[in-house]
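Note that the structure is a prediction, hence the values are computed from the model and not measured. Just so it is clear: chains get the letters A, B, ... in the order the sequence lines come, proteins before strands, and each one is counted from 1.
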2 protein chains.
Amino acid sequence: MRDVPFARRPITINPVNSPTSGQCEDCDARHVGLCDALSDEDIGFLARVAQRVVIPAGKTFIEEGDPASHFYDVNQGNVRVFKSLADGRRQVTGFMGVGDFLGLAVSAQYAFSAEAITDVNLCRFERAPLLQVFAEFPALERKLLDVATHEMVIAQEQMLLLGRKTAIERVTSFLMSWLERSEPFPVGASKPAAAKLSLPMSRTDLADYLGLTIETVSRSFSQLKRDGLIAFTDVHEVTLLKPQRVAALTAGDR
Amino acid sequence: MRDVPFARRPITINPVNSPTSGQCEDCDARHVGLCDALSDEDIGFLARVAQRVVIPAGKTFIEEGDPASHFYDVNQGNVRVFKSLADGRRQVTGFMGVGDFLGLAVSAQYAFSAEAITDVNLCRFERAPLLQVFAEFPALERKLLDVATHEMVIAQEQMLLLGRKTAIERVTSFLMSWLERSEPFPVGASKPAAAKLSLPMSRTDLADYLGLTIETVSRSFSQLKRDGLIAFTDVHEVTLLKPQRVAALTAGDR
DNA sequence: CGGGACTTTGAGCTTTCTCAACGATGGTGG
DNA sequence: CCACCATCGTTGAGAAAGCTCAAAGTCCCG
């Protein structure tokens, strides 16, 4: 399912948008991100202007420079957001998951591209109708400001990583932040034990996210393996054997 | 005036905050950024909760990790925003100027530090009162969302620079983006002639912004000088002799 | 079982960094 | 008013981290 190369599966659009909130009940993103700002009574007004969209793995659904006609909210799966240079160099600016909001743009064009890493379920919103809902529910706009602010904090952290950290620091920093995202609530456990993580993205994605080459990413992983800090069960599944020692290599903020 | 090293001049606070809009009339930031969202009639309600603050060059006025008690709006001068690692490595995440808004934070602590590059005039807002004004004037909150979104676009561009561009590309990219900021309205002139730019920040600031060392920044400038693309009248004043040829070196977006 | 895509490992190279010295500039005090 | 000193910026030479190129290994599917 994941990463079916050049899948020919078409984008699926579910046009059934009842004004009831029924369709949101079983959504993984119901209580995170934007949607969390609305009560069960109000969520229907947002759902009414939403289109459920399924994007097959590998598919580009936002193209840098294209008219910024839609907003997206991720319900399921993982997305890479990136910018490219004319000669093909690429910078992944973030990996988006459940509850993340995509497509914020001041200008009329998207400033970035977005591709499905895994098969992805999205809610797609047209610009104008969504802005109308915002006008009716200020809580949405406030939430969006929170989201944007939080993204800014993450972006600054990433600039620090890209501008000033070594390869090993970048890789371990990524592992720890990905761990945090995977386990929003690390219950108890002052001495965190081993943690298994799924890494849906390719080494290329990772390299382009960390400002490295795939070879350097691979060598960094190998070094961490040799040192007994991590172990791979699968290329896309890593276990942090010594999370604290991994964390110690991240060169965290002062 | 600029860069008085370790100035002992104290922070000046002007407590006179009349509820009239009078004090905003001659402010350089009146019609940019946040304040631009309010009419002359309404601006007084914002001014009422503002404190005018003067920060001497070199002074840190936001410290990473401190309680995020205030917001700031730059009225005059330049500010560097940065994050640091425990061992002193520093990443400047942005240079802020007139009309820029500072201090957005989701968490209770600032995620970054801010220092005055030149002497700086700020409007300082306490958290709670400002949020109240936001509640009364939704246009402010919307504007803030625009601002945050725009900052996100700039941050993504900077990640691309830090992760994927060469030294010369970083320096020329910086020059062109600084040029854009200095001349928000490049009237006419399809063939832009030479443009003189003020670079208030130090080479260290620049290096920490571009993810380079000061030596590499210096060498890049020297190369551009040798090639006849730029010329320095002063260390902090550069003239782009061939803006288009400089632009050609930036490896812009595809 | 074979082929293609992805990942890992190795060897040599390039860009940028580090260390060092020199030069310029501006503020201060004699 | 000028000389000195501290700070900042420039230039050079050698070192190193990470990149490029190459080849071998792995895994998933058909």
NE2 of A:H236 versus P of D:dC27: gap in Å, rounded?
12 Å
Between CG of B:L212 and P of D:dG9 the distance, given in whole Å, is 15 Å
Do the side chains of B:L206 and B:F221 get nearer than 4.5 Å, heavy atoms only?
yes
Mind checking whether B:R124 and B:Y72 have side chains closer than 4.5 Å, heavy atoms only?
yes
All salt bridge (Lys or Arg N to Asp or Glu O under 4.0 Å) counterparts of B:D205, not counting sequence neighbours:
B:R80, B:R90
Can you tell if the side chain of A:D208 reaches within under 4.5 Å of the side chain of A:F82, non-hydrogen atoms only?
no
What pairs of nitrogen or oxygen atoms, one from the protein and one from nucleotides 10-15 of chain D, lie under 3.5 Å apart?
| from | atom 1 | to | atom 2 | distance (Å) |
| --- | --- | --- | --- | --- |
| D:dT10 | OP1 | B:R203 | NH2 | 3.4 |
| D:dT10 | OP2 | B:R203 | NE | 3.0 |
| D:dT10 | OP2 | B:S218 | OG | 3.0 |
| D:dT10 | O5' | B:S218 | OG | 3.0 |
| D:dT11 | OP2 | B:S222 | OG | 2.2 |
| D:dG12 | N7 | B:R219 | NH1 | 2.7 |
| D:dG12 | O6 | B:R219 | NH2 | 3.3 |

When the distance from CG of A:L206 to C1' of C:dT7 is rounded to whole Å, what number comes out?
12 Å
Measure the acute angle between the ring planes of B:F95 and B:Y209, then classify it against the limits of 30° and 60° as parallel, tilted or perpendicular.
tilted
Near DNA chain C, counting only heavy atoms under 4.0 Å, which residues of residues 156-169 of chain B show up?
B:T166, B:A167
I'd like to know if the side chain of A:S113 reaches the main chain of A:E64, judged simply by a donor and an acceptor atom lying under 3.5 Å from each other, with no hydrogens or angles considered.
yes
If only side-chain N and O atoms of A:T213 are considered, is one of them under 4.0 Å from the OP1 or OP2 phosphate oxygen of D:dG18?
no
Give a yes or no answer on whether the side chain of B:R203 reaches the backbone of B:V235 with a donor-acceptor pair at less than 3.5 Å.
yes
Can you measure B:D234 atom CG to D:dC8 atom C1' for me and round it to whole angstrom units?
12 Å
Atom-pair distance (CD1 on A:I230; P on C:dT7), nearest Å
14 Å
Donor-acceptor contact present, side-chain A:T118 to main-chain A:N78, <3.5 Å:
yes
Quick check on the helix from C:dC1-D:dG30 to C:dG30-D:dC1: what's the angle between its two end axes, five base pairs per end, to the nearest 10°?
30°
Considering only heavy atoms from C-beta outward, does the side chain of A:L160 approach that of B:L85 to under 4.5 Å?
yes
Give a yes or no answer on whether the side chain of B:D227 reaches the backbone of B:L224 with a donor-acceptor pair at less than 3.5 Å.
no
For A:R219, what residues pass the side-chain hydrogen bond (donor to acceptor under 3.5 Å, both in side chains) criterion, not counting sequence neighbours?
none
Figure out the CE/P separation between B:M201 and D:dC8, and round it to whole Å.
15 Å
Is there side-chain contact between B:D253 and B:E157, with heavy atoms separated by less than 4.5 Å?
yes
Correct closest heavy-atom pair for A:A251 and B:R89 would be CB-NH2, 3.6 Å
Evaluate the side-chain proximity of B:V246 to B:M176: yes if any heavy-atom separation is below 4.5 Å, no if none is.
yes
In whole angstrom, what separates B:Q223's CD from C:dT15's P?
11 Å
Rounded off to whole Å, could you give me the CG-to-P distance for the A:L199 and C:dT7 pair?
11 Å
For DNA chain D, determine which residues of residues 83-94 of chain A have any heavy atom closer than 4.0 angstrom to one of its atoms, and list them numerically.
none
